[in-house]
**Student:** 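Please find one structure pasted underneath; my questions will follow.
All figures in this text were calculated on a predicted structure; none of them were measured in a lab.
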Amino acid sequence: MTTELNPSEVRHITGYHDENGKWRNGRVSFINKETGEEMKGNPKGSMLLIFAPNWRGECRIRDVSKLTLLLAGAEPVSAAA
């Protein structure tokens with residue numbers, strides 16, 4: 001029996017204008033595990049593939065700004081979440 005895994009959602013990470021009006025791209029940089037430094041050089045965009053348990057239906061496609069993700073990551077996660 002083959003199990004097919006399809007994402008329930010694709011979120012394209014978009015850029016944003018910072019507080020000075022400068023455009024910041026939506027690329028998510030990886031951190032080198034050994035050096036702790038941000039790895040540069042990939043000009044491609046980033047996206048998230050979300051696999052919701054027991055999802056039945058079409059894959060949704062949405063955009064989310066990198067700023068929204070950065071701000072969400074700065075907030076403490078509620079124990080009720």
**Student:** In Å and rounded to the nearest 0.5 Å, what is the CG to CZ distance from L49 to R11?
**Tutor:** 11.5 Å
**Student:** Look only at the side chain of D18 and the backbone of N20, and say whether a donor-acceptor pair between them is shorter than 3.5 Å.
**Tutor:** yes
**Student:** Mind checking the NE2-CG spacing from H17 to L67? Nearest 0.5 Å is all I need.
**Tutor:** 12.0 Å
**Student:** With a 4.5 Å heavy-atom cut-off, do T14 and S65 have their side chains touching?
**Tutor:** yes
**Student:** Between L70 and V28, is there a shared hydrophobic cluster once you connect ILVMFWY residues whose side-chain heavy atoms come closer than 4.5 Å?
**Tutor:** no
**Student:** Under a 3.5 Å distance rule, please check whether S29 uses its side chain to pair with a backbone N or O of K40 as donor and acceptor.
**Tutor:** no
**Student:** Do any N or O atoms from the side chain of K66 and from the backbone of R27 form a donor-acceptor pair under 3.5 angstrom?
**Tutor:** yes
**Student:** Count the heavy atoms of every other residue, nucleotide or ligand shown that sit under 6.0 Å from CD of E38, and state whether that count exceeds 12.
**Tutor:** yes
**Student:** Can you tell me how far apart CG (N6) and CZ (R56) are? Round to the nearest 0.5 Å.
**Tutor:** 11.0 Å
**Student:** Nearest 0.5 Å please: distance from the CG atom of L71 over to the OH atom of Y16.
**Tutor:** 8.5 Å
**Student:** Enter the distance from H12:NE2 to L48:CG here, rounded to the nearest 0.5 Å.
**Tutor:** 10.0 Å
**Student:** Test of understanding: clusters of I, L, V, M, F, W, Y form through side-chain heavy atoms closer than 4.5 Å, transitively. Do F51 and V10 belong to the same one?
**Tutor:** yes
